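Side chains are part of it too, since the values below use all heavy atoms of this structure and drop only hydrogens, waters and symmetry mates. Whatever order the structure lists them in is the order used to number ligands and atoms, beginning at 1. Nothing here was measured: the structure is a model prediction, and the numbers come from that model. Residue numbers start at 1 and run along the sequence shown.
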Amino acid sequence: MSVTPESAKQIKAAGWEVLLESDAGRGSYYENATYEEAGASVAPGPGELWSRSDVVLKIQPPLPNRALNAHEAELIREGSTLICMLRPLSNIDAVKILARRRVTSFSMDMMPRTTRAQRMDALSSMSTIAGYKAVVVAAESLPKIFPMLVTAAGTIPPSRVLIVGAGVAGLQAIATARRLGAVVEAYDVRPAVKEEVESLGARFVGPQLKESDAQDEKGYAKALSPEAQRQGMEMLQQRVAQSDVVITTARVPGLKAPRLIPADSVAKMKPGSVIVDLAADMGGNCELTQPGETVVRHDVTIHGPVRLAGTVPVHASQMYSRNVTAFLLHLTKQGSLHLDWADDITSGTCVTRDGEIVSAAARQRAEGTATAKA
Ligand code: NAD
């Protein structure tokens with residue numbers, strides 16, 4: 001749910017009328033009545049809601065809707081504003097419709113990674129939840145327990161967990177696996193994460209690269225030289241073979257997820273081991289991952305979840321709602337939108353306005369698909 005009753009109250013206090021699609025909060029255990037107590041009113045269906053609204057707040061991008069027999073982007077009122085996880089490069093059809101209908105659209109997943117924008121960073125919120133839940137999923141599938149136990153029946157050694165990619169999701173996965181008592185190692189190409197990994201009680205097992213070779217000026221990983229890739233891959237495969245659980249979270253912005261665990265490394269893992277591939281939506285870090293599915297290959301269970309945050313709806317809603325509300329209020333002055341295009345948060349997240357696709361990457365993708373069709 002994109003807006004909790006707590007946020008609805010805050011939005012109302014900023015001067016907006018809040019309209020809610022009936023039962024939209026059900027999946028996160030928020031009833032219509034709780035929203036009404038917070039000052040929101042309830043509209044019977046999305047059609048009416050969208051046609052009456054100046055600003056639509058959503059989680060998912062507008063998609064073709066069978067029940068409504070229309071593309072949702074066609075239902076949003078012309079000239080209004082949409083704020084959601086638009087992922088414009090993956091939803092270019094929706095972006096084109098929004099531009100044609102002169103909708104001003106903002107994509108929460110394009111939020112700049114700056115201190116000022118931190119409260120609005122929905123990607124970090126979802127990664128935090130996914131990192132936690134990936135460990136819970138792994139613990140549930142592993143035919144072993146995580147902690148070391150010394151019992152009358154003898155000593156049980158702790159399970160070994162390897163986290164590949166120590167960004168937001170990876171760090172949360174390290175902390176969760178440590179709380180469950182596992183011995184945790186973490187692999188990343190960015191040397192800058194070593195200290196953070198160690199402060200969470202895990203061992204850093206990444207290659208020794210120069211900072212400028214491994215990350216860009218924004219702190220994201222960049223594509224590595226072939227030699228650095230070879231070195232890193234060798235180290236990584238040794239660690240994979242030793243691990244009971246491998247959780248992969250490695251991504252490079254704008255590119256397919258790096259392929260880090262080939263099929264023959266999976267074959268070398270102990271029978272019963274588990275992989276949770278959090279990069280499944282971007283093609284996967286493991287060669288055998290099937291996005292959205294769980295498969296067993298070489299006696300290893302491989303999970304490829306694509307919407308893990310959605311399996312924790314109460315806290316995922318709470319965090320997204322706080323992010324999206326902070327963003328709306330950032331754009332608001334006295335109960336209406338006040339868009340300052342010189343502000344990097346406003347301009348950096350905008351995908352369409354005044355009938356144009358203004359995000360350069362999305363425009364290129366739209367032009368590319370038009371040329372391909374021609
Ligand atoms: P991400 O999701 O893009 O990537 C996840 C991790 O995968 C990263 O740690 C990356 O280094 C790693 N990775 C990429 N290629 C790899 C490879 N070949 N092998 C091993 N690991 C690989 O990253 P993220 O979690 O979004 O965070 C990236 C950076 O941005 C971090 O430094 C984080 O602290 C920073 N950040 C800043 C803010 C803010 O200031 N508002 C918010 C969120 C994140």
Are Asp23 and Asn32 close enough that some pair of their side-chain heavy atoms sits under 4.5 Å apart? yes
### Task
Check whether any side-chain heavy atom of His303 lies under 4.5 Å from a side-chain heavy atom of Leu308, and answer yes or no.
no
Can we say [X] and [Y] salt-bridge, meaning some charged N sits less than 4.0 Å from an Asp/Glu carboxylate O?
X      : Y      : result
Asp281 : Arg251 : yes
Lys270 : Asp299 : no
Lys9   : Glu37  : no
Arg101 : Glu74  : yes
Arg203 : Glu198 : no

Please state which part of Leu260 comes within less than 4.0 Å of ligand 1, counting heavy atoms only: side chain, backbone, both or neither.
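For Leu260, only side-chain atoms sit under 4.0 Å from ligand 1.
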Note: Asp121, heavy atoms under 4.0 Å from ligand 1, region reported as side chain
How far is [atom] from its nearest protein heavy atom, and which residue and atom is that?
atom                    : result
atom 29 (C) of ligand 1 : Gly219 O, 3.5 Å
atom 43 (C) of ligand 1 : Ser124 OG, 3.0 Å
atom 5 (C) of ligand 1  : Thr249 O, 3.3 Å
atom 32 (O) of ligand 1 : Arg190 NH1, 2.9 Å
atom 36 (N) of ligand 1 : Arg113 CG, 3.9 Å
atom 33 (C) of ligand 1 : Val168 CG2, 4.6 Å
atom 41 (N) of ligand 1 : Thr114 O, 3.3 Å
atom 1 (P) of ligand 1  : Arg251 CB, 4.0 Å

Checking heavy-atom distances from atom 21 (N) of ligand 1 to each of Ala250, Ser127, Ala166, Pro191, the winner is Ala250
*asked:* Which residue is it: Lys144, Arg239, Arg160? I am looking for the one with a salt bridge (Lys or Arg N to Asp or Glu O under 4.0 Å) to Asp244.
replied: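 Result: among Lys144, Arg239, Arg160, Lys144 is the only option passing the salt bridge (Lys or Arg N to Asp or Glu O under 4.0 Å) with Asp244.
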Those residues at least two apart in sequence (or on a different chain) that pass salt bridge (Lys or Arg N to Asp or Glu O under 4.0 Å) with Arg353 are none
- Residues two or more places apart in sequence or in another chain: which of them pass salt bridge (Lys or Arg N to Asp or Glu O under 4.0 Å) with Arg363?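 In terms of salt bridge (Lys or Arg N to Asp or Glu O under 4.0 Å), with neighbours along the sequence ignored, Arg363 is linked to no residue.
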Are any of the N/O atoms in [X] less than 3.5 Å from those in ligand 1?
X      : value
Pro258 : no
Thr115 : no
Gly167 : yes
Tyr187 : no
Asp188 : yes

Strictly inside 4.0 angstrom of atom 8 (C) of ligand 1, do you find any protein heavy atom?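 Under the 4.0 Å cut-off, atom 8 (C) of ligand 1 does have protein heavy-atom neighbours.
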Check: Counting each atom of ligand 1 from 1 as listed, which ones have a heavy atom of Val252 under 4.0 Å away?
Finding: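 So the answer, numbered in order with elements, is 15 (N).
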Side-chain heavy atoms under 4.5 angstrom apart, residues restricted to Ile, Leu, Val, Met, Phe, Trp, Tyr: same cluster for Leu236 and Val205?
->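 Same cluster.
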